[in-house]
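Notes follow the structure.
In listed order, ligands and their atoms are each counted from 1. Position 1 is the first residue of the sequence; numbering continues from there.
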Amino acid sequence: MAANARQIIVIGAGIGGLAAALALQRRGFRVAVYERAPEIREIGAGVVIAPNARRALRDLGVDAALEAVSCSVSVIHTCDYRTGEIVRTNRNEQIIERQGMGVLQVHRADLHALLMEAVRANDPAALWPGHEFVGLDQDAAGVSVTFANGACCRADVVIGADGNTSAVRSLLFPGEAPRFNGQVAFRALIPDELVPAVFQQRQFAMHPAPRRYLLHYPLRRGRIMNLIGCGQTASWQEEGWAIPATNEEFEEHYSDFAPELLALIRSIPPGGLFKWGLRDREPLKTWTLGRVTMLGDAAHPMTPFLGQGACMALEDALLLGRAFAAASTVDEALSRYETARKTRGTNVQLWSREEGMALQDPSRPRRTALDRGLYDYDPLGVPV
Ligand SMILES: Cc1cc2nc3c(=O)[nH]c(=O)nc-3n(C[C@H](O)[C@H](O)[C@H](O)COP(=O)(O)OP(=O)(O)OC[C@H]3O[C@@H](n4cnc5c(N)ncnc54)[C@H](O)[C@@H]3O)c2cc1C
């Protein structure tokens, strides 16, 4: 029997918030999503969507459309950062054989747009941009929510999907803030025609190095190369995902990498390079307080080293929908959701941190998301 929630509010229209809205809508719930940005859209960057998350997307009805606009390279390489020599190979066909589907390299904006269209198709009035969540007040009957623009509304349940710097989390569990974890990442999208020819042979490659790594993979059927460099730094970086950076600055941090990797950095078009300081948080004891819970980066913000943050948000979203469908009260739904998700979310959060240390320190053994069996998870099959 479905939980008796007539109105559910989601704060944040990122990948997690939109997927949660869709999972709930598809199970018959009415959802309103409030987003602080004046226009709901994603940044230009890549994201790897692994089979564990694709199972959620399949249930949400967007996996096939996403696959059609994304890439799924046949080989994923790990290479020596100084010579470019291949030291390890993972074949997508082996992943497909075991998982029934491969790993997708996705433009974030494509995934976001598909989720948004699906939510709007179910309910054209579900999305509310220009609404920055600032406060909530809950009682036995419901939750009142207020926004910076003066608007307020009431619902049976509130889901905080407002990302790493979550205001919902700060209100529920004050006194703890994200901290800079000493690493700065660079990101760029490079049009295929500017990418050095050598990368036609190794399109998806990770180059671990002491205190840094470079990762690249193709997006949009190979029309764009996504390049990420991540490394330790002594200096603090200001908040934000889109701080402009220069190719010279990027190259300086990676000057001992193979010549073709430096050529790849130099091929970034003007204005196409951004940087940000990575932030980390300790796991919470619980994600839920009364009628309010959280998902995605709001609940379990993680470093990017296992490439699973968005995948976890998608898994959360599906389990939230399933929990509401299975429960007969709001309390029961939130309890089922958190019980189903808390251990996995916390583990992946901690393992990402561990993998970050291994990735940048050759003396430590690496254990990727594949090695850790993270792709085996089926968000439709786990009990809720
Ligand atoms: C370098 C890097 C590479 C990554 N690569 C991968 C990868 O390959 N695979 C993978 O699975 N994950 C990856 N991730 C992680 C992934 O990007 C995040 O985990 C994912 O985007 C989290 O989604 P979310 O919806 O929880 O939060 P977000 O995407 O941050 O969305 C939060 C939304 O809430 C809105 N919001 C914030 N505050 C408010 C407010 N007060 N009121 C209203 N709205 C608000 C924001 O504007 C935003 O739209 C990577 C991350 C990084 C940094």
N/O separation below 3.5 Å, [X] to ligand 1:
{"X": "Ala298", "answer": "no"}
{"X": "Arg36", "answer": "yes"}
{"X": "Val48", "answer": "yes"}
{"X": "Cys311", "answer": "yes"}
{"X": "Ile11", "answer": "no"}
{"X": "Asp297", "answer": "yes"}

Got more than 12 heavy atoms from elsewhere within 6.0 Å of CZ, Arg30? no
Would you indicate whether Gln201, at its atom CD, is surrounded by more than 12 heavy atoms from other residues, nucleotides or ligands within a distance under 6.0 Å? no
Electrostatic pair [X]-[Y], nearest N-O below 4.0 angstrom:
{"X": "Asp63", "Y": "Arg55", "value": "no"}
{"X": "Glu282", "Y": "Arg353", "value": "yes"}
{"X": "Glu355", "Y": "Arg367", "value": "no"}

Distance-only polar pair, side chains of Asn226 and Tyr217, donor-acceptor under 3.5 Å: yes
Residues Glu251 and Ser255: side-chain donor-acceptor under 3.5 angstrom: no
Nearest-neighbour protein heavy atom for [atom], which is reported as residue plus atom name and distance:
{"atom": "atom 31 (O) of ligand 1", "result": "Gly14 CA, 3.5 Å"}
{"atom": "atom 25 (O) of ligand 1", "result": "Gly16 N, 2.8 Å"}
{"atom": "atom 48 (C) of ligand 1", "result": "Glu35 OE1, 3.5 Å"}
{"atom": "atom 1 (C) of ligand 1", "result": "Trp276 CZ2, 2.8 Å"}
{"atom": "atom 28 (P) of ligand 1", "result": "Gly163 CA, 4.2 Å"}
{"atom": "atom 16 (C) of ligand 1", "result": "Ala310 N, 3.5 Å"}
{"atom": "atom 3 (C) of ligand 1", "result": "Pro304 CB, 3.6 Å"}
{"atom": "atom 41 (N) of ligand 1", "result": "Phe133 O, 3.3 Å"}

Using the six-membered ring of Tyr377, assess whether NZ or CZ of Arg344 lies under 6.0 Å from its centre and within 45 degrees of the ring axis. yes
Would you mind listing which atoms of ligand 1 come within a distance below 4.0 Å of any non-hydrogen atom of [X]?
{"X": "Gly296", "value": "26 (O)"}
{"X": "Ile15", "value": "25 (O)"}
{"X": "His131", "value": "42 (N), 43 (C)"}
{"X": "Tyr34", "value": "43 (C), 44 (N)"}
{"X": "Val47", "value": "6 (C), 7 (C), 8 (O), 9 (N), 10 (C), 12 (N), 13 (C)"}

Restricting to heavy atoms, the pick from Gln105, His300, Met312, Arg108 nearest atom 29 (O) of ligand 1 would be Arg108
Heavy atom of [X] under 4.0 Å from ligand 1?
{"X": "Met302", "result": "no"}
{"X": "Arg187", "result": "no"}
{"X": "Phe147", "result": "no"}
{"X": "Ala37", "result": "no"}

Is it the side chain, the backbone, both or neither of [X] that has a heavy atom closer than 4.0 Å to ligand 1?
{"X": "Ala161", "answer": "backbone"}
{"X": "Ala185", "answer": "neither"}
{"X": "Glu132", "answer": "both"}

Would you sort out whether Trp128 and Phe147 count as a side chain to side chain contact (heavy atoms under 4.5 Å, CB included), showing the intermediate values? CA-CA 11 Å; Trp128 296 82; Phe147 298 95; over 6 Å; no
Quick one: which of Arg211, Arg82, Arg212 gives a salt bridge (charged side-chain N to carboxylate O under 4.0 Å, His left out) with Asp256? Arg212
Quiz question for you: does at least one protein heavy atom lie closer than 4.0 Å to atom 9 (N) of ligand 1? yes
Does the side chain of Val158 come within less than 4.5 Å of Val10's, by heavy atoms? no
Is any side-chain heavy atom of Glu132 closer than 4.5 Å to one of Asn149? no
Going through the checks in order, is the side chain to side chain donor-acceptor pair (under 3.5 Å) test met by Asp361 and Ser363? CA-CA 5 Å; Asp361 176 355; Ser363 69; 2.7 Å; yes
Step through it carefully: locate the ring centre of Tyr34, locate the ring centre of Phe133, and say whether they are under 6.0 Å apart. no
For the ring pair Tyr81 and His207, is the centre-to-centre distance below 6.0 Å? no
Could you check whether the rings of Tyr337 and Trp287 sit parallel, tilted or perpendicular, using 30° and 60° as the cut-offs? tilted
